[in-house]
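Side chains are part of it too, since the values below use all heavy atoms of this structure and drop only hydrogens, waters and symmetry mates.
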Amino acid sequence: MNDKPKPDSEAAAPPAEAVDFVRAIVAEDLKNNKFVGRVHTRFPPEPNGHLHIGHAKAIYLNYLIAVENDGLFNLRFDDTNPTKEETQFADAIQKDIRWLGVDWADRLFWASDYFETLYEYAVKLIKDGKAYVDDLSAEEIREYRGTLTEPGKNSPYRERSVEENLDLFARMRKGEFPDGSKVLRAKIDMASGNLNMRDPVMYRIMHAKHHRTGDAWCIYPMYDWAHGQSDSIEGITHSNCSLEFEDHRPLYDWFLDQLGIHHPRQTEFARLNLNYTIMSKRKLRRLVEEGYVRGWDDPRLPTLSGLRRRGYSPESIRNFCERVGVAKRNSVVDIALLEHTLREDLNKHSARVMAVLRPLKVIIDNYPEGQVEQLDAVNNPEDPSAGTRKVPFSRELYIERDDFREDPPKKFFRLAPGREVRLRYAYFITCEAVVKDEQTGEITALHCSYDPATKGGDSPDGRKVKATLHWVSAEHALDAEVRLYDKLFIKEDPDDVPEGQDFIANLNPDSLSVLTSGKIEPSVKGAAPGNRYQFERQGYFCVDPDSTENALVFNRTVGLRDTWAKIQKQQKRK
RNA sequence: UGGGGCGUCGUCAAGCGGUAAGACACAAGCCUUUGGAGCUUGCAUUCCCAGGUUCGAAUCCUGGCGCCCCAGCCA
């Protein structure tokens, strides 16, 4: 053995994993000891709506950066607008974030916790001649602001004395003035090319009840005034936010510098967009409020509560977010990637079960009447430790209507008159006769024969069969309602509409179809809402909360990859 | 001649002067008691365009072009 020490050169180090630019910045700050080795991130939602998968990207980015660097992660609600925010939203948001597996420990904060401090900061700016009370109306302020290409002009109230500003601001707080009559503004530069620097409003008067502070205040800080200081107060080191705040950064820098307080580093990244869906809070709200979907947790929505109800696992969402990456370029991710990470996770973890969605009765003529056999079935071929279960087999069964064709097209391997197929874990059967309704011509049942020698699904003579079908014993089957979901929109870009229309026009009329005569093997009896299964050969399904003890309701989370459907599509094209 | 940002495969996305990672999608094949899963192979002679610097450029320089964001007392 040669135990000569290997030269421990840095050049021999393996190439660093490609990290996104936000993590690279954090790493660089750590290396330069910019925040004395600390990493502290946060996710700052406004409690005025529900979280969606786009938020999951931001949540995981911030949370994981903290975890990866032995840092801390805060949840802070930016509740600076009492007219829009509600406790119910704050509760739902916390539930969703917890579901993602993200832990903020005891660091739940509210911007409203800092109202007093923020007020004191504002007083300091006034004393320094950096802020003033303005009596201009909202419309006048807009006019004075100028335009994108023309500079603004100073308010006539801009040069009030410090004493007068102090007095007026104190009286604003006391409630002496009506809503909209006065605002506090930062005194910066009305000619700045960056509109955010043209004397932005810091406080407005709102005689409104706040969900946490009640009637304690009648002036409320603007987001731009509250946000950066809130991060600073919490000792946040890395304030990661979305692209549109890029040109607010100079303003946040200005406030922090004037105040001389802890200065986090802000980095902006592109928010997540997905095709065939919408992420805008306003549009989601419209779908819910106008009844296009059943609620915020409708399984067709990209909301976290919707995805949860649909059967998505948090792991699949996290994997998705990691594969999407983080960058500055606006982009639209293909929903197929989300479905891929979903299937990838569900495949490994879901118990397999046989369920017939659109039943077709099958009678095995040569199987003894009244006989029942308990056959062994594998619970999860991806996970031997999941074990096996017994599935009852009897003379009358159900198979999928789609698995039989009286006149089978090319490449259709399933059951057809005279054809032999395997019933999974059971026997080979051959279709002997087709029973039809005389009136409608609809196929009502199949008469088949079985080969007793093929029990379990293997043929002792080595005879091959081209298809394996799932099935369920008629007498033992559980009834179930099954809800199938498809894309909510028919266009990749829901906003791609003719002149005069909006995204509502692109709603997919077939995004939900309800099957009421599903038949499921008895082993799922007693399944609880949220339980996930793979219905063999069909897809992943989960128990919906609408289920009752005797009436199961399933949601199709996502279908299995369907090669036959692809073949059919190709054949149609020819 | 307002300010800020971005342009690398159909879609995301690495790359940081040394000769285009990876993933999804797609295609072909193998395997299969899920037409599932898995496995193999293919898939940007070229990085928005045009010049320039250099032995060498997606990377540096110059000039164009295109896309996104900003004129809430919303966040």
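- Across the P atoms, rG63(B) and rC12(B) are found 30 Å apart, a figure rounded to whole Å.
- Contacts of Arg532(A) classified as side chain to side chain donor-acceptor pair (under 3.5 Å), with partners at least two apart in sequence or in another chain: none.
- At a threshold of 4.0 angstrom between heavy atoms, the contacts of Arg323(A) are confined to the sugar-phosphate backbone, with no base atom among them.
- Counting non-hydrogen atoms under 4.0 angstrom, Val326(A) reaches the backbone sugars and phosphates but no base.
- Remark: Arg204(A) pairs with no residue by the salt bridge (Lys or Arg N to Asp or Glu O under 4.0 Å) rule, at least two apart or across chains.
- A search for side chain to side chain donor-acceptor pair (under 3.5 Å) contacts involving Ser192(A) returns nothing, not counting sequence neighbours.
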One character per nucleotide, please: for nucleotides 35-40 of chain B, 5' to 3', B when the base has a protein heavy atom closer than 4.0 Å, S when only the sugar-phosphate does, - otherwise.
BBS---
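- For the P atoms, the distance linking rA27(B) with rA21(B) amounts to 24 Å, nearest Å.
- For Arg329(A), counting side-chain heavy atoms from C-beta on, the closest listed nucleotide (rU34(B), rC6(B), rC26(B)) is rC6(B).
- The cationic group of Arg173(A) lies under 6.0 Å from the six-membered ring centre of Tyr119(A) and within 45° of the ring axis, placing it in a cation-pi geometry.
- Nucleotides rG5(B) and rC24(B) are separated by 27 Å at their C1' atoms, to the nearest Å.
- We find that Lys283(A) and Asp495(A) are joined by a salt bridge, their nearest charged nitrogen and carboxylate oxygen being less than 4.0 Å apart.
- The salt bridge (Lys or Arg N to Asp or Glu O under 4.0 Å) search around Lys153(A) returns none, not counting sequence neighbours.
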For nucleotides 65-75 of chain B, 5' to 3', base contacts (B), sugar-phosphate-only contacts (S) and non-contacts (-) with protein non-hydrogen atoms under 4.0 Å give ---SBBBSBSB
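- Note on Asp458(A): a base of the nucleic acid sits closer than 4.0 angstrom, heavy atoms only.
- Base-pair partner of rC24(B): rG10(B) (Watson-Crick or G-U wobble, both distances under 3.5 Å).
- The side chain to side chain donor-acceptor pair (under 3.5 Å) test applied to Ser112(A) returns Asp79(A), not counting sequence neighbours.
- Legend: residues meeting ring-ring contact (aromatic ring centres under 6.0 Å, His included) with Tyr533(A), ordered by chain and number and at least two apart, are absent.
- Nucleotides rA23(B) and rC30(B) are separated by 23 Å at their P atoms, to the nearest Å.
- Counting non-hydrogen atoms under 4.0 angstrom, Val465(A) reaches nothing in the nucleic acid.
- Residue Leu337(A) contributes atom CG, which lies 12 Å from atom P of rC26(B) at whole-angstrom precision.
- For the side chain to side chain donor-acceptor pair (under 3.5 Å) test, residues two or more places apart in sequence or in another chain that qualify with Glu68(A) are Arg23(A).
- With distances taken from any side-chain atom of Gln570(A) to the nucleotides rA13(B), rA27(B), rC24(B), the minimum falls on rA27(B).
- Nucleotide rG10(B) is shown with an anti base, its glycosidic torsion being more than 90° from 0.
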